[in-house]
Amino acid sequence: MIEVWLGAILLFCGLFSSTIGAFIGINIGTDVSNLPSDTDIIGILKAHQITHVRLFDSNAHMLSALSNTGIEVMIGVTNEEVLGIGESPSAAANWINKNVAAYLPGTNITAIAVGSEVLTSIPNAAPVLVPAMNYLYKALVATNLNYLVKVSTPQSMGIIPRPFPPSTATFNTTWNSTIFQILQFLRNTNSFYMLNAYPYYEYVKSNGIFPIEYALFQPLSSVKQIVDPNTLFRYNSMFDALVDATYNSITALNFSKIPIVVTETGWPWFGGANEPYATVENAETFNDNLIRRVSNDSGPPSQPATPINTYIYELFNEDKRPGPVSERNWGVLFTNSTSVYPLSLSNTDGLSANSSTVFCIAKPGADENSLKSGLDWACGQGKANCKAIQQGQPCYLPNTWQNHASYAYNDYYKKMSSSGGTCDFDGTAMTTTVDPSYGSCRFTGSSNASSSGLFPPPAFGPVGQLSRSSRNYIYFHQIGSLSAVILALILG
């Protein structure tokens, strides 16, 4: 009976999923010489209000650090792991137990990316790709986690040889059998297609056929408009055209209603002598406009009501990656947490990084004893209003010194800066123009009435199924206050 009621509630939530809005996430690569500590990375994510991250593996330290942050996490089965898992159901079960079940519900794992561009990067693994996905899904079913965690596999645009015009795009017929099986799996498990779409590479390959403005989401003059001759759809950006080319390729294999999530996109900010378009200006323009594009909650011309949830590639520059110079310069931040160029990674209101509002927050990685002392002083002698970080209040979670000190520091700073109060707290504080508010927690001085929403619509990510265990709180958190009330009545 509970399952019937829950199904009705989840359907109810799905009907209003468009009000939640699309999200911008970030990829976190680790081919970095001086990678910040896991704790520092979490501080950076929170400081930039990043609510969705994709890891390329299932690093235990990082998954532990993400616990109780509310950040949605996509983890990865590496290409090296695909072969073993695709040949062994027990290997898949062990992988799920070790890398998923061991961390839920504390760490909000919502998706598993099986491999990375397997069909184009390690084509010899193609025969075991779908078996690997199936074995992992069955292992999730066995642990009652299949309604929380989606399984899919990221593919590049390389499997669509002619993406323009989008209306005639099809998958490379060499891979039709495997792709058909992938799409069948995604449809049967209510999952989504993972697409790595890089307008940078497509523009470079086009040899001047398309204007640079088209690749950068910039306005096109009347003589440069890009129109599909078959549908007469006007494409204002190459990004939209690539997503639509993929939708049409899916349709060509007689599948529909499989949403696309862009698991990688971005623009390099520096390149070699033969990479003239890899510049700071272009990278800043692309990512800033990408965030604005995704945040308008619309889809491409063929799917206007389907938002394009997107992960930017990437958080840090991976300086250890081989290949052209540009391969090592996709990051939006340096490892000391300073920005490569001005950019707000939040898709909340006010996307400009040059906000006139200044907030005071705890420095990522600051000593916990020092943060405790600063917090005690701010809430005591400093007369900050610390009610919001008390248990049961909107800013209590995550229950960390970093979070609580940030709230208290900021409240003190906002009230006392005009009369000499500073944002220092014995060197544990820093100022930022990025609003640190999240969810229903509003920091003093915030102009945002609401957050952008931590969770994607059900069609684009996991939808919970209730079990009588410590997982209960996930559902109250995910599906909203009204549904939570109904669930509470059902559960007694």
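In this text, all values refer to a predicted model and were calculated from it rather than measured experimentally.
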Show me the donor-acceptor pairs within less than 3.5 Å that the side chains of residues 55-65 make with the rest of the protein, sequence neighbours left out.
unit_1: Asp57; atom_1: OD1; unit_2: Asn59; atom_2: N; d: 3.3
unit_1: Ser58; atom_1: OG; unit_2: Asn99; atom_2: OD1; d: 3.1
unit_1: Asn59; atom_1: OD1; unit_2: His61; atom_2: N; d: 3.1
unit_1: Asn59; atom_1: OD1; unit_2: Met62; atom_2: N; d: 2.8
unit_1: Ser64; atom_1: OG; unit_2: Ala60; atom_2: O; d: 3.0

Going by salt bridge (Lys or Arg N to Asp or Glu O under 4.0 Å), name the pairs with one or both residues in residues 325-342, residues two or more places apart or in two chains.
Arg321-Glu327
Sequence-distant partners of Tyr200, ring-ring contact (aromatic ring centres under 6.0 Å, His included), two or more places apart
Trp267, Trp330
How would you list, by chain and number, every residue that makes a side chain to side chain donor-acceptor pair (under 3.5 Å) with Ser116, sequence neighbours excluded?
none
Between Asn403 and Ser406, is any side-chain donor less than 3.5 angstrom from a side-chain acceptor?
no
Do Tyr203 and Tyr277 make the cut of ring centroids closer than 6.0 angstrom?
yes
Return the set of residues passing side chain to side chain donor-acceptor pair (under 3.5 Å) with Thr428 (not counting sequence neighbours), or none when no residue passes.
Tyr409
Between Asp411 and Thr444, a side-chain donor and acceptor under 3.5 Å
yes
Does Lys414 make a cation-pi contact with Phe359 (under 6.0 Å, within 45 degrees of the axis)?
yes
Which pairs count as side-chain hydrogen bond (donor to acceptor under 3.5 Å, both in side chains) when at least one residue sits in residues 24-35, sequence neighbours excluded?
Asn27-Arg54, Ser33-Asp319
Any luck finding a side-chain donor-acceptor pair between Glu264 and Tyr311 under 3.5 Å?
no
Any heavy-atom pair between the side chains of Met238 and Ile212 that's under 4.5 Å?
no
Set of side chain to side chain contact (heavy atoms under 4.5 Å, CB included) partners for Leu397, sequence neighbours left out:
Asn399
Can you check whether Tyr214 and Tyr235 have ring centres sitting under 6.0 Å from each other?
no
Do Asp244 and Gln303 have side-chain N/O donor and acceptor atoms under 3.5 Å apart?
no
Could you tell me if the side chain of Leu45 sits less than 4.5 Å from the side chain of Ile26, heavy atoms only?
yes
Heavy-atom side-chain contact between Leu119 and Thr178 under 4.5 Å
yes
Got a sec, which residues hit side chain to side chain contact (heavy atoms under 4.5 Å, CB included) with Ser298, two or more places apart in sequence or on another chain?
Arg293, Asn296
Any heavy-atom pair between the side chains of Glu275 and Val325 that's under 4.5 Å?
yes
Return the set of residues passing side chain to side chain donor-acceptor pair (under 3.5 Å) with Tyr407 (not counting sequence neighbours), or none when no residue passes.
none
Would you please name every residue forming a side chain to side chain donor-acceptor pair (under 3.5 Å) with Asn230, sequence neighbours left out?
Ser167
For Tyr341, check side chain to side chain contact (heavy atoms under 4.5 Å, CB included) against everything at least two apart and list the hits.
Trp269, Val280, Ala283, Glu284, Asn287, Val332, Leu343
Taking atom CZ as the centre, does Arg162 end up with more than 12 heavy-atom neighbours from other residues, nucleotides or ligands that are less than 6.0 angstrom away?
no
Checking Thr251 side chain against Tyr247 main chain: does a donor-acceptor pair fall under 3.5 Å?
yes
Holding to side chain to side chain contact (heavy atoms under 4.5 Å, CB included), I want the full list of residues that pass it with Phe171, two or more places apart in sequence or in another chain.
Ile159, Ile160, Asn176, Ile179, Leu183, Tyr193, Ser249, Ile250, Leu253
